[in-house]
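First, the structure itself, so that you have it in front of you.
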2 protein chains.
Amino acid sequence: MKISELAVRTGLSAHTIRYYERIGLMPPAPRDGATHRHYDERALNWIEFVGRLKTTGMPIRQMLRYAELRAAGPSSNAERKALLTEHRDAVRQHVEELIACLEVLDAKIAGYDD
Amino acid sequence: MKISELAVRTGLSAHTIRYYERIGLMPPAPRDGATHRHYDERALNWIEFVGRLKTTGMPIRQMLRYAELRAAGPSSNAERKALLTEHRDAVRQHVEELIACLEVLDAKIAGYDD
DNA sequence: TATTGACTTAGAGTGCGCTCGAAGTTGTAG
DNA sequence: CTACAACTTCGAGCGCACTCTAAGTCAATA
């Protein structure tokens, strides 16, 4: 697919997709006759996964590390797993924090009914 | 207390506390003889609450709106409650999203054991 | 074949939330 | 009384993650 289609399907702008490639967050896209980028489903899946990392608060620096490991092939599996595990644990902790904040918010909101 | 003590007790820097005052996120602190700021427990509580709003992803713009309502006194209670309720609902939704992402992460991590 | 719209690059600009530096003033400890 | 640490203001600078502009190239349609 063309970059415009990928943009629509991921909800990103074509600008942002090129930016991701430029910084190394996406592998260089193959070109139609050395000019226009074209993408397959794998690229779509990757962007969707990156989106989840982003939603869960992973900074781009760390995503770049993961992308680098991915590009290095299966030999990096152990390190990739470690990276994701560490991130998952951080996310779990953050969720706990948010739930605690929700209780404070609920109490504050209830307080306005006095 | 002095700004340095408030800084220690909130985990913010004195720079950041002054910045919060400058942008209107904190009411202007009373001064010791028109010079040094001094704070009471109420200021500490406010910063802690602002910290929870921050943790839960509220942008400063919206905090400013809340701070403004707070400064306006009890007549703004209804609007303050509405603002917090809206925010709480957004946080709840975000927590749901994070939990969904956690499932994806768990699956991905488990996949490395194949 | 001519036009139009989507693509390309390089680089500048934006908004957020601080964070720091400089230069000067004040309050306390010795 | 002196030294010095902590305070003050103002404004510049920073890191992040885009976001946009300009100027040019390419491809499909009328």
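Residue numbers begin at 1 in each chain, while the letters A, B, ... track the order of the sequences. Just so it is clear, the values below take in all heavy atoms, side chains as well, and ignore hydrogens, waters and symmetry mates.
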Q) Any chance CZ of Arg92(A) has more than 12 other-residue heavy atoms, nucleotides or ligands included, within less than 6.0 Å? A) yes
Q: Taking salt bridge (Lys or Arg N to Asp or Glu O under 4.0 Å) as the test, write out the residues that go with Arg37(B), two or more places apart.
A: Glu21(B)
(Q) Rounded to whole Å, how long is the line connecting atom OH of Tyr19(B) with atom P of dT19(C)? (A) 10 Å
Q.
At a heavy-atom distance below 4.0 Å, what parts of residues 45-66 of chain A sit against DNA chain D?
A. Lys54(A), Pro59(A), Ile60(A), Arg61(A)
Q) Is NZ or CZ of Lys108(B) both nearer than 6.0 Å to the six-membered ring centre of Phe49(A) and within 45° of the ring axis? A) yes
Q) side-chain hydrogen bond (donor to acceptor under 3.5 Å, both in side chains) with Asn77(B): which residues, sequence neighbours excluded? A) Arg80(B)
Q | Counterpart residues, salt bridge (Lys or Arg N to Asp or Glu O under 4.0 Å), relative to Asp32(A) (two or more places apart) | A | none
Q. Who passes side chain to side chain contact (heavy atoms under 4.5 Å, CB included) against Thr35(B), sequence neighbours left out?
A. none
**Q.** side-chain hydrogen bond (donor to acceptor under 3.5 Å, both in side chains) contacts in which one or both residues fall within residues 81-91 of chain B, not counting sequence neighbours
**A.** Asp106(A)-Arg88(B), Asp113(A)-Lys81(B), Thr56(B)-His87(B)
Q. Any donor and acceptor pair, going by atom type alone, linking the side chain of Thr55(B) with main-chain N or O of Gly51(B) inside 3.5 Å?
A. yes
**Q.** Within residues 57-69 of chain A or reaching into it, pairs that qualify as side-chain hydrogen bond (donor to acceptor under 3.5 Å, both in side chains) - sequence neighbours excluded
**A.** Arg65(A)-Glu68(A), Arg65(A)-Glu79(A), Tyr66(A)-Tyr112(B)
Q | Heavy atoms of other groups near Arg42(A) CZ, more than 12 under 6.0 Å | A | no
(Q) For chain A and DNA chain D, what are the first and last nucleotides along the strand, 5' to 3', with at least one atom under 4.0 angstrom from a heavy atom of the protein chain? (A) dC16(D) to dA27(D)
Would you tabulate the nitrogen or oxygen pairs shorter than 3.5 Å linking the protein to nucleotides 6-14 of chain C?
{"from": "dC7(C)", "atom 1": "OP1", "to": "Ser4(A)", "atom 2": "N", "distance (Å)": "3.3"}
{"from": "dC7(C)", "atom 1": "OP1", "to": "Ser4(A)", "atom 2": "OG", "distance (Å)": "2.6"}
{"from": "dT8(C)", "atom 1": "OP1", "to": "Arg37(A)", "atom 2": "N", "distance (Å)": "2.6"}
{"from": "dT8(C)", "atom 1": "OP1", "to": "Arg37(A)", "atom 2": "NH1", "distance (Å)": "3.1"}
{"from": "dT8(C)", "atom 1": "OP2", "to": "Arg18(A)", "atom 2": "NE", "distance (Å)": "3.0"}
{"from": "dT8(C)", "atom 1": "OP2", "to": "Arg18(A)", "atom 2": "NH2", "distance (Å)": "3.3"}
{"from": "dT8(C)", "atom 1": "OP2", "to": "Arg37(A)", "atom 2": "NH1", "distance (Å)": "3.4"}
{"from": "dT8(C)", "atom 1": "O5'", "to": "Arg37(A)", "atom 2": "NH1", "distance (Å)": "3.4"}
{"from": "dT9(C)", "atom 1": "OP1", "to": "Arg31(A)", "atom 2": "NH2", "distance (Å)": "2.9"}
{"from": "dT9(C)", "atom 1": "OP1", "to": "Arg37(A)", "atom 2": "NH2", "distance (Å)": "3.2"}
{"from": "dT9(C)", "atom 1": "OP2", "to": "Arg37(A)", "atom 2": "NH1", "distance (Å)": "2.9"}
{"from": "dT9(C)", "atom 1": "OP2", "to": "Arg37(A)", "atom 2": "NH2", "distance (Å)": "2.7"}

Q) Counting just side-chain N and O atoms, does Tyr20(B) come under 4.0 Å of either OP1 or OP2 of dC18(C)? A) yes
Q.
Restricting to side chain to side chain contact (heavy atoms under 4.5 Å, CB included), what partner residues turn up for Thr16(B), sequence neighbours left out?
A. Leu12(B), Ser13(B), Tyr20(B)
**Q.** Common cluster, Leu64(B)/Ile17(B), ILVMFWY with side-chain heavy-atom separation under 4.5 Å
**A.** yes
**Q.** Angle by which the axis turns from one end of the helix from dT1(C)-dA30(D) to dG30(C)-dC1(D) to the other, five pairs per end, to 10 degrees
**A.** 0°
Q.
Just to verify, what does Glu41(A) make a side-chain hydrogen bond (donor to acceptor under 3.5 Å, both in side chains) with, not counting sequence neighbours?
A. Arg9(A)
